Visitor: 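Mind having a look at this structure? Questions to follow.
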Amino acid sequence: MKTNRILATVLAAASLLSALPCSAVSAASKPAALIPTASGVSASPYEISDDNYYRNPYATIRKTGSSKCSYNGGAEFKSVTTKMKGILILEEYRDGHWYEVKRKEVTTTTNPLYVSDSYSGMVSGRKYRSRLYLYAYCGVVWEFASPVSDIITGG
């Protein structure tokens, strides 16, 4: 009987905590993130509504040689965000589908989140892109985004 009462209390407290949105805390206004614009870099940034815990997520990719590329992704924290995790994935298009070639993960509490990697096994004529799986945490609440870069061709 006592165990049931304790369990009910814990569940009620968890329910109350999850009902309190982190957006109830006012977010400070920050300037937009700078997206790399050097020659050969392609990016796909998009704005996020004020309800989210991050802003300006992006993924980029560029050729650095006939069989080499570098790619990166990132986002800015909003003031209510406590932690962000980014999983940067290089994808290759073949047989009508996108396949994961390589991945790199970064978790940080420091603003901004930035993940970068390179690859030296591009196949001539195949298409490549990068994708950032972004998780922004605020207490027990988390949000997700998945920006994708433009496409480059090996060779």
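Computed from a predicted model, the values in this text were never measured in an experiment. In what follows, residues are counted from 1 in the order of the sequence shown.
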Visitor: Testing the basics here: between A59 and P147, what is the closest heavy-atom pair and its distance to 0.1 Å?
Guide: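 Smallest heavy-atom distance, with atoms named: CB-O, 3.7 Å.
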Visitor: Quick one: do W98 and I151 satisfy side chain to side chain contact (heavy atoms under 4.5 Å, CB included)? Show the steps, please.
Guide: CA-CA 11 Å; W98 287 101; I151 297 170; 3.7 Å; yes
Visitor: So, does E92 use its side chain to make a donor-acceptor pair with the main chain of V101 at under 3.5 Å?
Guide: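 No: the side chain of E92 does not pair with the backbone of V101.
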Visitor: Measuring from atom CG of L132 to atom CG of L88, what distance do you get when rounded to the nearest 0.5 angstrom?
Guide: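 Spacing of CG (L132) from CG (L88) equals 6.0 Å.
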Visitor: Specify the closest pair of heavy atoms between Y99 and R94, including all atoms of both residues, with the distance to one decimal.
Guide: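 Answer, listing the atom of Y99 first, then R94: CE1-O, 3.2 Å.
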Visitor: Drop me the distance from E76's CD to M84's CE, to the nearest 0.5 angstrom.
Guide: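 Between E76 CD and M84 CE, I get 8.5 Å after rounding to 0.5 Å.
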Visitor: Report the distance from atom OG1 of T153 to atom OH of Y128, rounding to the nearest 0.5 Å.
Guide: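 That separation rounds to 9.5 Å.
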Visitor: Could you tell me whether the side chain of L134 reaches within less than 4.5 Å of the side chain of L113, counting heavy atoms only?
Guide: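 Answer yes - side chains close enough.
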Visitor: How about C69 and I152: do any of their side-chain heavy atoms sit closer than 4.5 Å?
Guide: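 A side-chain contact exists here, since the closest heavy-atom pair is under 4.5 Å.
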Visitor: Is the backbone N or O of E105 less than 3.5 Å from a side-chain atom of K85, with the two atoms forming a donor-acceptor pair by type?
Guide: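 Side chain of K85 to backbone of E105: no pair is present.
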Visitor: To the nearest 0.5 Å, tell me how far F77 CZ sits from T109 OG1.
Guide: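 Interatomic distance, F77 CZ to T109 OG1, rounded to 0.5 Å: 6.5 Å.
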Visitor: Check the pair T108, Y114 against side chain to side chain contact (heavy atoms under 4.5 Å, CB included), reporting the backbone distance first and the verdict last.
Guide: CA-CA 9 Å; T108 185; Y114 181 75; over 6 Å; no
Visitor: As an exercise, state the distance from OG1 of T81 to CG of N111, rounded to the nearest 0.5 Å.
Guide: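 Nearest 0.5 Å value for the OG1-CG distance: 8.0 Å.
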Visitor: Kindly indicate whether the side chain of I87, heavy atoms from C-beta on, has any atom under 4.5 Å from the side chain of Y135.
Guide: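 Sidechains of Y135 and I87: in contact.
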Visitor: When rounded to the nearest 0.5 angstrom, what is the spacing between OG in S130 and OH in Y58?
Guide: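 The OH atom of Y58 is 10.5 Å from OG of S130, to the nearest 0.5 Å.
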Visitor: For the NZ atom on K102, are there more than 12 heavy atoms of other groups (residues, nucleotides or ligands in this structure) within a distance under 6.0 Å?
Guide: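 More than 12 heavy atoms, drawn from other residues, nucleotides or ligands, come within 6.0 Å of this atom.
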Visitor: Please verify the inter-ring angle class for F144 with Y133; under 30° counts as parallel, over 60° as perpendicular, anything in between as tilted.
Guide: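 Rings of F144 and Y133: parallel, as their planes differ by under 30°.
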Visitor: Between K104 and S116 (side chain of the first, backbone of the second, donor and acceptor by atom type, cut-off under 3.5 Å), is there such a pair?
Guide: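 Answer holds: yes.
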Visitor: Can you confirm if the NZ or CZ of R129 lies within 45° of the ring axis of Y93 and under 6.0 Å from the centre of its six-membered ring?
Guide: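 Here R129 fails the 6.0 Å and 45° test against Y93.
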Visitor: Would you say that R131 contacts S146 through its side chain, given a criterion of any heavy-atom pair below 4.5 Å between the two side chains?
Guide: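 Yes. Closest side-chain heavy atoms under 4.5 Å.
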Visitor: Where is the tightest heavy-atom contact between A75 and P112, given as atom of each residue plus distance?
Guide: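 Shortest heavy-atom contact: O-CB, 3.3 Å.
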Visitor: Using the rule side-chain contact (heavy atoms from CB on, under 4.5 Å), only one of I89, V106, N72 pairs with V115; which is it?
Guide: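 Among I89, V106, N72, the one that satisfies the side-chain contact (heavy atoms from CB on, under 4.5 Å) with V115 is V106.
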